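Values in this document were obtained by computation on a predicted structure and should not be read as measured data. For ligands, and for the atoms within them, numbers begin at 1 and follow the listed sequence.
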Amino acid sequence: MAMIKLAPSILTADFGRIAEQIKAAEAGGADHLHLDVMDGHFVPPITFGPLVVEAVRRATKLPLDIHLMIEQPERQFEAFAEAGADIINMHIEAAPHADRLLRRLHVMHKRAGVCLNPGTPLSAIEEVLGVADQIIVMMINPGWGGQKLLPAMFDKVGRLRAMLDERGVSPDIEIDGGVKLNNAAACVAAGGSVLVCGSSVYNGDASPQANLRALREALAGAKIGEGTGV
Ligand code: DX5
Ligand code: ZN
C-alpha cells in the first residue's frame, strides 16, 4: 500500500513572500507541492500560470503537482512541463479525450492525473483508471481555498478505492479541499493516499511547518482505505 503523502497547496499562502512560504512547507515535511491553476472560465477565479510555476521550481526540489482547473488543458501541457511540473492533473469535465491526453503526458515523461468535481460520478473516469497515475477527488466545489469539506465525498472516495482494488490498479487517490486536523485521518481511512492541505497549513493556528507536522501526527497509525471514513 502506498505511503500517505502531504501536499500543501500555496493558493492561500502569502504570495508576497512565496519562497519563504515554500521553504516552510519543506521544513514541515511536505511530500509534494500542490499548485492550483485557474483560468477564470472552468472556475471563476484566475490564479497563476507557467511563469509562477517556473519561479516555484527554482525555489524547491519538491515534486510539483499541478492542478489544472482550466478549459482545454491540453493546450497548456507543454508550457507547464517546461516550467518544471512533475504531475499534471486535468479535470475530466474539461477533457473529453482524457485517455489520449493522459498517454500524451506519459510520452512527455510526466505523471498524469485526472480530477473529478463533487457532482461528477466515478463512472466518468472508470475507463482511465488503469492509465492515470493519480485521481483527484474534489471534496469541495473548486475555485477557492478555506471551504468546508463535503462529507458525502467520503463515500465516493471509498467506492473509488474499491473500484481500484477490484481492478488491481493503484494510482494515487488525492483528496483535495477542506482537509483539516480533525478529518485528515478519515480522508485516509476512506481511501486517500495524498492529502492536499491549503488553509490548514498556511492559515492555521501556528507556522506552516508546525501545522504540517501536526497533520502528520494526526495521521500516525492511519491506514489507507481502512474504514468508511465517515
Ligand atoms: C480549490 C483547490 C484546492 C485548495 C485547497 O479549488 O483545488 O487545492 O487550494 O485548499 P483548502 O485545503 O484550504 O481547502
Ligand atoms: Zn487543488
query: Is it true that the side chains of D205 and N211 contain a donor and an acceptor less than 3.5 Å apart?
result: no
- prompt: Are N141 and Q147 linked by a side-chain donor-acceptor pair shorter than 3.5 Å?
  reply: no
task: State whether the side chain of D39 and the backbone N or O of E71 hold a donor-acceptor pair below 3.5 Å, judged by distance alone.
output: yes
- request: Hey, could you give me each pair passing ring-ring contact (aromatic ring centres under 6.0 Å, His included) that has a residue in residues 91-123? Not counting sequence neighbours.
  value: F42-H91, H67-H91
List, for ligand 1, each N/O atom that has a protein N/O partner under 3.5 Å away, with both atom names and the distance.
from: ligand 1; atom 1: 6 (O); to: G143; atom 2: N; distance (Å): 2.8
from: ligand 1; atom 1: 7 (O); to: D36; atom 2: OD1; distance (Å): 2.9
from: ligand 1; atom 1: 7 (O); to: H67; atom 2: ND1; distance (Å): 3.1
from: ligand 1; atom 1: 7 (O); to: D176; atom 2: OD2; distance (Å): 3.1
from: ligand 1; atom 1: 8 (O); to: H34; atom 2: NE2; distance (Å): 3.3
from: ligand 1; atom 1: 8 (O); to: D36; atom 2: OD1; distance (Å): 3.1
from: ligand 1; atom 1: 8 (O); to: D36; atom 2: OD2; distance (Å): 2.9
from: ligand 1; atom 1: 8 (O); to: D176; atom 2: OD1; distance (Å): 2.7
from: ligand 1; atom 1: 8 (O); to: D176; atom 2: OD2; distance (Å): 3.1
from: ligand 1; atom 1: 9 (O); to: S9; atom 2: OG; distance (Å): 3.0
from: ligand 1; atom 1: 9 (O); to: D36; atom 2: OD2; distance (Å): 2.9
from: ligand 1; atom 1: 12 (O); to: G198; atom 2: N; distance (Å): 2.9
from: ligand 1; atom 1: 13 (O); to: G146; atom 2: N; distance (Å): 2.8
from: ligand 1; atom 1: 13 (O); to: S199; atom 2: N; distance (Å): 2.9
from: ligand 1; atom 1: 13 (O); to: S199; atom 2: OG; distance (Å): 2.5
from: ligand 1; atom 1: 14 (O); to: G178; atom 2: N; distance (Å): 2.8

query: Excluding waters, how many protein N/O/S atoms sit closer than 2.8 Å to the Zn ion (ligand 2)?
result: 4
message: Donor-acceptor pair, distance only, cut-off 3.5 Å: does the side chain of N203 make one with the backbone of T12?
response: yes
- request: Ignoring hydrogens and angles, tell me if any N or O in the side chain of S193 forms a donor-acceptor pair with the backbone of I4 under 3.5 Å.
  value: no
- prompt: Are side-chain heavy atoms of V37 and I70 found at a separation under 4.5 Å?
  reply: yes
query: Taking only residues two or more places apart in sequence or in another chain, which ones pass side-chain contact (heavy atoms from CB on, under 4.5 Å) with L64?
result: L33, L35, V53, V56, R57, T60, I66, D86
Heavy-atom check, side chain of D172 versus side chain of D133, under 4.5 Å: no
